[in-house]
Amino acid sequence: MNRTSLLVLLPTLIAGCATGSGSEPKQDPFVGWYANYRTCRAEYEAMDARVAAAGVADPQYFRVPGYPYMRTDRVLASFAHEVHTIDEIGGWVRKMREFDQEAREFEYRNLGMNTQEAAEARSRFLNCGRTLAGIELNDAPQVFAALQNTVTPPDIYSTAQRAFGFYAFSAPGMRARMEERRKALEQAYDKPVTQLPARAPLRLWKVSEVEDMSLVTNPYKGMLPDELGFPGLTDSQWRALAEHHAPRLWIETASTDDEPAQPVHTPRGVTADPARHSSNYHITFTRFGGIPLTQINYLFWFRGSDKAPLDGFIWRVTLDPQAKPLVYESLHTSGRDHRIFPVQALQRRTTDDGAAEPVAVAPQLAPDHHPTLRVAATTHEILRVLGPGDEPIDAQGVTQTYALTRYEDLMALPRPEGGTRSLFGPDGIVPGPHAEDPIGGRASGIPEPGALRALSRLPVAHVGRRHFDEAFLLESVFLPPAPPPAATARAPN
C-alpha cells in the first residue's frame, strides 16, 4: 500500500468519518456535514491571536507551522520520516492533536474563561482539529510531506547573538570552564562521603508516598504500547512510578531557602513558598537503542535571593524497557551543569571533535534504587549521588518529607489579584530577575542566559548546540545496546 492510499484512509482513522476515495476531482470539502467547519482556520487564528495578546501561550509544546491544530515536541518530531503504516501515521498525528488540546486547556484557564466558555471552546476546537486533520491530509502526499518537513521544533540558540558575542573567540574559554566543572564532579567522588564539606547542618528529605506501591511491580506487564512504541499506563501507575523513583535529598540547610519549596506568584513577582515542601514531576520519553524509554523528571525549587527570587534543579530518571533505572541526570533549571550518573554499565562514545562541550559523566555507577542526592546550600548544586548504604540522618534524627505535584500545575498558578498564570512565559522562561550565567553569558547564544526555563526549552550546552529534550541525547553520549530480536529498531536520523 503506497503513501497516497494510506492517506486516503486518514479521515476514518483521525476524523472518524469518510470523505471519498481520493480518485474523484478535487471539490470543496466543506459541504454537507462539513459545512460547519469552513471557518475553523479563521477561528484558530482568532483564538491564537487572543492568546498571544494576553501573553498566555503555553510553552510545553511547539506549534507546528501551518497546522494550528497540532503541537509537538522534539521526541515526537523525531518520528517524522519514520512513520509509514496507517497505524503509525494516525498515531503520530493524533498525539500532536492531543498535545494541542492539552496546551489549549491551560490557555483557556489563563485567559480567564468561565466554565461554559472554556467548554464551548474545547468542544469546538476538538471537532475542528479532528475534521481539518482528516480533510487536509486526505489523499495529499505533498501536504503530508510538508508536515514532515516543518514539524521539527526550532533550536533555542540564537546564531545572531553568537555572532555579536564573538562566539568563535569565546568558545575555548567556555569549554575550559565547563571542563573545570566536569573535573570537580569527578573529584567529589575521590573523597569519602564523610569528608565532603558541609557549610550548614544536613537534613534528609524523602518523598511522601500516597499511591499503592504494588502498582510498580512489573508496571509494563500486560501493557500495550501505542502505535509508535510509547508505553501507556494509568495516571496512578505513572504517579506510583514517580514516587518509587523519587530521590532523597540530603541538603546543607543554612536557612529555609534551602528547603524544597513550591513556586508562587506574589505581588512582587515569582518566588517560592518554603512552607510548601514539594517537587513537580513530569513523564517524558527518549529514544535509545531503537526503543522509546520512559523518563521521570523531578523539578525541585528553592527560594532564592532578592536578585534571583527563584532557584532550582532538575533530576531525571531514565528507565530501561523493564522499568529499571538506566541513567540519572541532573542540571540547574537554567540548563547549565548538565550531568549524567549512569546506573547500568554503558559504553561511552569516544568521538570528540571539539565542536561541542563534553557532557559530564560521573565516574562511578549510581545506585539502582533510592538514590540520595547530597545538595549544597545556597547554590543547590548536587555534589554526590549516594546509595542506600550511605543514607544519613539529619542532625535532629528526623527525616522530613516533600510531596509530589504534577508539573502541569505550574502552567496555571493562582495570582494574588485573581485568576491564574503560568510560571513560564510563552518563550518558556520564568519572568523576572535571575542569576547571571557563570559559563558564557550571551556569547553562548542562549537567550537570557541564567534564566530558569520550562523542560522543553532547556539548552544544556554553551559550546555547540544541545537540548535537554532531544530525542537521541543519550545516544549522543552512549552506545545503545543491541536491540532484542523481537524489537524493531528505529535508527536516528
Side-chain angles (χ1 to χ4, degrees), residues 55 59 154-167 169-182 184-185 257-258 260-261 263-266 268-272 280 297-316 329-339 356-357 359-360 375-383 410 422-470:
D155 75 41
I156 304 299
Y157 298 86
S158 168
T159 300
Q161 185 175 312
R162 283 189 165 181
F164 285 111
F166 300 102
Y167 171 81
F169 298 99
S170 303
M174 291 189 289
R175 186 180 174 94
R177 286 189 286 276
M178 289 304 303
E179 183 66 13
E180 291 176 1
R181 299 174 88 89
R182 184 189 67 79
L185 171 66
D257 293 354
D258 298 316
V264 292
H265 289 297
T266 73
R268 299 181 60 185
V270 173
T271 185
N280 298 99
N297 301 264
Y298 303 88
L299 287 81
F300 291 95
W301 305 95
F302 302 88
R303 187 168 60 185
S305 62
D306 291 339
K307 184 176 180 180
L310 187 64
D311 193 26
F313 69 82
I314 299 167
W315 179 255
R316 184 164 72 181
E329 294 169 88
S330 70
L331 77 162
H332 189 261
T333 38
S334 66
R336 62 174 169 82
D337 292 338
H338 179 213
R339 296 169 176 176
E357 66 191 49
V359 179
V375 181
T378 308
T379 64
H380 308 123
E381 180 182 3
I382 296 176
L383 303 177
L410 300 176
S422 175
L423 173 66
F424 310 101
D427 56 1
I429 294 177
V430 176
H434 52 75
E436 294 182 1
D437 175 30
I439 308 301
R442 298 187 63 82
S444 63
I446 299 173
E448 294 195 40
L452 309 188
R453 302 169 187 273
L455 282 171
S456 60
R457 310 295 175 117
L458 282 163
V460 294
H462 287 74
V463 181
R465 298 173 186 246
R466 186 186 302 134
H467 303 85
F468 193 53
D469 59 334
E470 287 180 7

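Between the CG atom in Leu299 and the CH2 atom in Trp315 there is a gap of 13.5 Å [rounded to 0.5 Å]. Atom CZ of Phe300 is separated from atom CG of Asn280 by 9.5 Å, given to the nearest 0.5 angstrom. Taking CZ of Arg442 as the reference point, atom CD of Glu448 lies at 8.0 Å (rounded to 0.5 Å). We find the CZ-CG distance between Arg182 and Asp337 to be 13.5 Å, quoted to the nearest 0.5 Å. One distance of note links OG of Ser422 with CG of Leu410; it measures 7.5 Å at 0.5 Å rounding. We find the OG1-CG distance between Thr379 and Asp311 to be 8.0 Å, quoted to the nearest 0.5 Å.
Met174 is listed as a side-chain neighbour of Tyr167, based on a closest heavy-atom distance under 4.5 Å. At a threshold of 4.5 Å between non-hydrogen side-chain atoms, the residues Val460 and His467 do not count as touching.
Between the side chain of Arg466 and the backbone N or O of Val359, no donor-acceptor pair lies under 3.5 Å. The backbone N or O of Ile429 sits nowhere less than 3.5 Å from a side-chain atom of Arg453 that would complete a donor-acceptor pair. Listed for the Tyr157 side chain is no donor-acceptor partner under 3.5 Å among the backbone atoms of His462. Without hydrogens or angle criteria, Gln161 side chain to Ser444 main chain gives no donor-acceptor distance under 3.5 Å. The backbone N or O of Ser334 sits less than 3.5 Å from a side-chain atom of His332, completing a donor-acceptor pair. Using a distance-only test at 3.5 Å, with no hydrogens or angles considered, no donor-acceptor pair links the side chain of Arg181 to the main chain of Ile439. At distances below 3.5 Å, at least one donor-acceptor pair connects side-chain atoms of Glu357 with backbone N or O atoms of Val463.
For Ala308 against Ala435, the heavy-atom pair with the smallest separation is CB-N, 3.5 Å. Closest non-hydrogen pair, Pro459 versus Ile446, comes out as CG-CG2, 3.6 Å. Heavy atoms only, all atoms of each residue included: Gly425 and Pro431 are closest at N-CD, 4.2 Å. The nearest pair of heavy atoms linking Gly165 to Ser170 is O-OG, 3.4 Å. Closest non-hydrogen pair, Gly304 versus Asp257, comes out as O-OD2, 3.9 Å. Pairing each heavy atom of Phe169 with each of Pro172, the nearest pair is O-CD, 3.5 Å.
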Could you walk me through whether Leu331 and Arg339 pass the side chain to side chain contact (heavy atoms under 4.5 Å, CB included) test, one step at a time? CA-CA 6 Å; Leu331 77 162; Arg339 296 169 176 176; over 6 Å; no
Worked check of salt bridge (Lys or Arg N to Asp or Glu O under 4.0 Å) between Arg457 and Asp427: CA-CA 8 Å; Arg457 310 295 175 117; Asp427 56 1; over 6 Å; no
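Between Arg177 and Glu180 there is no salt bridge, since none of the side-chain N atoms of the basic residue sits less than 4.0 Å from a carboxylate O of the acidic one. At a threshold of 4.0 Å, the pair Glu470-Arg465 does not count as salt-bridged, since none of the basic side-chain nitrogens sits closer than that to a carboxylate oxygen.
Partner of Leu310 under the side-chain contact (heavy atoms from CB on, under 4.5 Å) criterion, out of Leu423, Thr271, Thr333: Leu423 alone.
Taking the six-membered ring where tryptophan is involved, the planes of His380 and Phe302 are essentially parallel, since the angle between them stays under 30° and well short of 60°.
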